Amino acid sequence: MAPSDSYDPRAVQDKWQARWAEIEPYRAEESADDSRERRYALDMFPYPSGDLHMGHAEAFAIGDVPARYWFQRGYNVLHPIGWDSFGLPAENAAIKRNEHPAKWTYANIETQAASFHRYAPSFDWSRRLHTSDPEYYKWTQWLFLRFYERGLAYRKGGQVNWCPNDQTVLANEQVVGGHCERCGALVERRTLTQWYFRITDYADRLLDDMAQLEGRWPDRVLLMQRNWIGRSTGADVQFVIEGRAEPVTVFTTRPDTLYGATFFVVAADAPLAAEICAPEQRAEFEAYREQVSRESEIDRLSTEREKTGVFLGRYAINPVNGERIPVWASDYVLAEYGHGAIMAVPAHDQRDLDFARRFGLPVRVVVDTGEADPAQTGVATAGDGRLVNSGPLDGLGKADAIARAIEVLESKSLGKASVNYRLRDWLVSRQRFWGCPIPIVHCASCGEVPVPDEDLPVRLPDLRGADLAPKGTSPLAAAGDWVDTACPRCGGPATRDTDTMDTFVDSSWYYFRYCSPDYADGPFDPEQVRTWMPVDQYTGGVEHAILHLLYSRFFTKVLHDMGMVDFTEPFTRLLNQGQVILNGKAMSKSTGNLVDLGDQIAEYGVDVVRLAMLFSGPPEDDIDWADVSPQGMAKFLARVHRIAAETAAPAGADPAAGDVTLRRATHRVIDEATTMVEAQRFNVAIARIMELVSATRKAIDSGPGAADPAVREAAETIAILLSLFAPYTAEEAWEALGRQAPVIRAGWPSADPALLVEDQVTCVVQVAGKVRDRLEVPPGIAADELERLALASDKVRAALGDGGVRKVIVRAPKIVNIVPA
RNA sequence: GCCCCCGUAGUCCAACGGGCAGAGACACUUCGUCGAGAACGAAGAGGCUGCAGGUUCGAAUCCUGCCGGGGGCACCA
């Protein structure tokens, strides 16, 4: 009997898909009188690029488990779905096909929605949203305007990252190793005026609030965010530059080493360098600056290459000792970080030391760490030690010296304690069409004017095909009728801002919208958000560790400050699923290293694919599809189905009258599977169900038989536990057992404690750490009784020989270890 | 270069706060059943827990070092 004879996945899928559409078992209830506990399960919403693939299958199988578990527990569950539907691929496809991006986008959404219906995550479809719908992006614009009012959205000119392939600027977070995070092109620098969100105002809170997430988010995500924000504490110190009226401020984390500063470095591309360069050094400096401006981001990032720089012909005065030190320009100092200038302490900073050795500048040790002289070894000493050659700081340790140095600086108004961040403000404007228009109008007499709320949304004009071709400025600029408008303030002629927002703005608040997707008086109904949020479980890929997740945390804090929400972190728990790979390599269309989800489902069915994804290992691990066995999963599901069909005890039969051995197995599995689901170790939970299936099979074949009430109890337990992982098979089995759909509302079983205690357990008796005997004892046996039994064992006495006993360690009822004299 | 995570059977993976190395799956061997199959049921084999030390009565588990794999950061003063 082949599995297909008894269990046809496709027929079962079609049957239940239709039934579920009728009974809507996954609908969240928003009524305030519903007193059930609430849970919010969220999956990172998909971008509609073609159909769903294996990666989606894994992510949504994993994200579905906690949602389904909560349904079984009887909670009121919000498990929504939507699409992150603005973005470049749609625009590129539209150019190629001479269409509107919406056409490609919404066609793909329909394809994915149909695939999702078949894949059957427990979504509440009534809350579906798309970020490219005007009903949605109206509120993205509304939020932009609130940010603008609060000074959190602003425009400034400066050096920005430019992707030559996508023809748009990028945020720092979207440049990875000097390449565009999206398309991989080498990123260039341009000087442009752009819109920013002032995320740096929230740097401290983004860091400090991570305490709330500790242990609930993966460590590596927290670490990456910490690194990205990059807080460092130290001091601002003012140096006078000879011949310049205003002193120049530098930031240092080591004010204790001020007496060791032997030169001063200004970022070569900072205006200050050009300003203070002495005439006789001008030519050399200009040549150097030209060279620096030509180097790519990749060159600049390389730590291997030798330091470069030029002397600017000027001197700075060390504020603590009045020493004259030469001022250099170099590209190892960044114009955008700190103040674009540093004091260089080569003895205690490796970068400064490399520079000093390259250009023959002096090295002066001011912290005696007990290590060899950096000037000789070329290795800067950054550790703790006693201060030397440092006037009033002499003799202090590093930490004390830092504190003392800051005190001295502050008392003389030469500096102050200071904090710097690696994090930069979030550049949000994009020179592309298929995004949310920035709701600002530029008026010759009034300047920047926000579009009034009642005029939102500012809809995209109807552009398509060639009009969208990138030309380095936003395609929106070409829509003359759209661009020309009246100033909302003075009524005079004005133009619309032609940039659109980074799509990460759209996705920074979608999980709020799900709470009240049709709400018309704001981005969300505060009442609904209060009852549903924060999100209890968020599932998605780790690639968003410092993009979407950082931005979303920022948005939530701003909404909190606006009084719109009463919490400060949006996602209580985060799970990053691994990737699906093949033969150790990422799947890729171009190399043909691909497994098609549709093919897999056609061959084995949805449940097999889901189960294979979940059973292959812990959810965080990558899944190599070459290692999984869909056939094995199919075999298991067929076993489940057969057990349900064979179960002969009537529904409602009292399990207490059933076979106690099988009942023990059932309740042990309930207990352990529950623990494993809560610990997010779904592979182990499934293994437990497999054990129960085997035990039930055995009971039917060679035990009390299919008519025993314990078999029914086991079979029903299997169906319910399995409903978290293989919804179709579980529902079909539930029906075969004479129960009424949906199985997802059957209720999670609880283990009977009386059935969890064994009446006999095996106690291992060791002599000198080696197992010598096993005793069958009652679990509640007393330690001294067990010790007596163990010492009385013939095998133990044989092992001990003539020697005496030095010590006996008893851990009742599991083990006795006897240490011979 | 610095930091984090991970090395268990041929393979994917279990093993709770140190206590019998094995739950489950794939592959393998054997047996039974039958409608004779790539079906169903059962049994079995398989290990220096990456290596070397240490702590302990007892270590896959804790500590140190090394080797191997994965990830993050990498001129951020």
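The structure displayed is predicted, hence computed values, not measured ones. Just so we're on the same page: letters track the sequence lines, and every chain starts at 1.
Across the C1' atoms, A77(B) and C5(B) are found 30 Å apart, a figure rounded to whole Å. For the P atom pair drawn from G50(B) and G35(B), the interatomic distance equals 50 Å after rounding to whole Å. C16(B) sits 23 Å from C12(B) when the C1' atoms are compared, rounded to a whole Å. To the nearest whole angstrom, the two P atoms, one in A45(B) and one in C3(B), are 46 Å apart. Here, G7(B) and G19(B) have their P atoms 16 Å apart, quoted to the whole Å. Spacing of P atoms, A60(B) relative to U49(B), comes out at 7 Å, to the nearest Å. The C1' atoms of A42(B) and C34(B) are separated by 15 Å, rounded to the nearest whole Å. Across G68(B) and C57(B), the matching C1' atoms stand 34 Å from one another, rounded to whole Å.
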Inset, instruction - Please test Tyr332(A) against Asp354(A) for side chain to side chain donor-acceptor pair (under 3.5 Å), starting from the C-alpha separation and ending with a verdict. - result: CA-CA 11 Å; Tyr332(A) 88 90; Asp354(A) 293 343; over 6 Å; no

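A salt bridge links Arg231(A) with Asp204(A): the closest approach of a Lys/Arg side-chain nitrogen to an acidic carboxylate oxygen falls below 4.0 angstrom. Using a 4.0 Å cut-off between a side-chain N of Lys or Arg and a carboxylate O of Asp or Glu, Arg697(A) and Glu646(A) qualify as a salt bridge. Between Asp236(A) and Lys416(A) there is a salt bridge, since a side-chain N of the basic residue sits under 4.0 Å from a carboxylate O of the acidic one. For the pair Arg226(A) and Glu214(A), the salt-bridge criterion is met [side-chain N within less than 4.0 Å of a carboxylate O].
Remark: RNA chain B forms stems of 3 or more consecutive Watson-Crick or G-U wobble pairs, all pair distances under 3.5 Å, at B:1-7 with B:67-73, B:10-12 with B:24-26, B:28-32 with B:40-44, B:50-54 with B:62-66.
Side-chain atoms of Val333(A) lie closest to A77(B) of the nucleotides A77(B), C13(B), C75(B). Distance from the side chain of Thr252(A) is smallest to A77(B) among C75(B), A77(B), G41(B). Of the candidates C73(B), C57(B), A42(B), A42(B) carries the atom nearest the Arg697(A) side chain, counting heavy atoms from C-beta on.
Side-chain atoms of Asn583(A) and Asp624(A) include no donor-acceptor pair closer than 3.5 Å. Inspection of the Thr200(A) and Tyr421(A) side chains reveals no N or O donor paired with an N or O acceptor under 3.5 Å.
Relative to the six-membered ring of Phe355(A), Lys307(A) misses at least one condition, a distance below 6.0 Å or an angle of at most 45° to the axis.
Among the protein residues, Gln766(A) comes within range of the nucleic acid bases, having at least one heavy atom under 4.0 Å from a base atom. Across all strands, Arg772(A) comes closer than 4.0 Å to no nucleic acid atom at all (heavy-atom distances).
Relative orientation of the Tyr337(A) and Phe251(A) rings is perpendicular, given thresholds of 30° and 60° on the angle between their planes.
What separates CG of Asp621(A) from P of G69(B) is a distance of 18 Å, to the nearest Å. To the nearest angstrom, P of G1(B) lies 18 Å from CG of Leu353(A). Whole-Å rounding puts the Arg357(A) CZ to C75(B) P distance at 21 Å. As a whole-Å value, the separation of Asn583(A) CG from U11(B) P is 15 Å. The distance from atom CD of Glu787(A) to atom P of C57(B) is 17 Å, rounded to the nearest whole Å. The CD atom of Glu620(A) sits 19 Å away from the P atom of G70(B) (whole-angstrom rounding). Atoms CZ (Phe263(A)) and P (A77(B)) sit 16 Å apart, rounded to a whole Å. C57(B) atom P lies 15 Å from atom CD1 of Ile815(A), rounded to whole Å.
Residue whose closest nucleotide on RNA chain B sits further toward the 5' end, between Met676(A) and Lys814(A): Met676(A). Closest-nucleotide positions on RNA chain B for Ala267(A) and Asp701(A) were compared, and the one nearer the 5' end corresponds to Asp701(A).
To the nearest 0.5 Å, the span separating NE2 on His348(A) from CZ on Arg254(A) amounts to 7.0 Å.
Annotation: side chain of Arg189(A) is not in contact with side chain of Val160(A) (no heavy-atom distance under 4.5 Å). Using a 4.5 Å cut-off on side-chain heavy atoms (C-beta onward), Leu361(A) and Pro346(A) make no contact.
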Legend entry - Base-contact (B) and sugar-phosphate-only (S) positions in nucleotides 22-28 of chain B, heavy-atom cut-off under 4.0 Å, - elsewhere: -BBSS--

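A heavy atom closer than 4.0 Å to some atom of RNA chain B occurs in Asn227(A), Ser232(A), these being the qualifying members of residues 226-238 of chain A.
Asp701(A) CG: more than 12 foreign heavy atoms inside a 6.0 Å radius.
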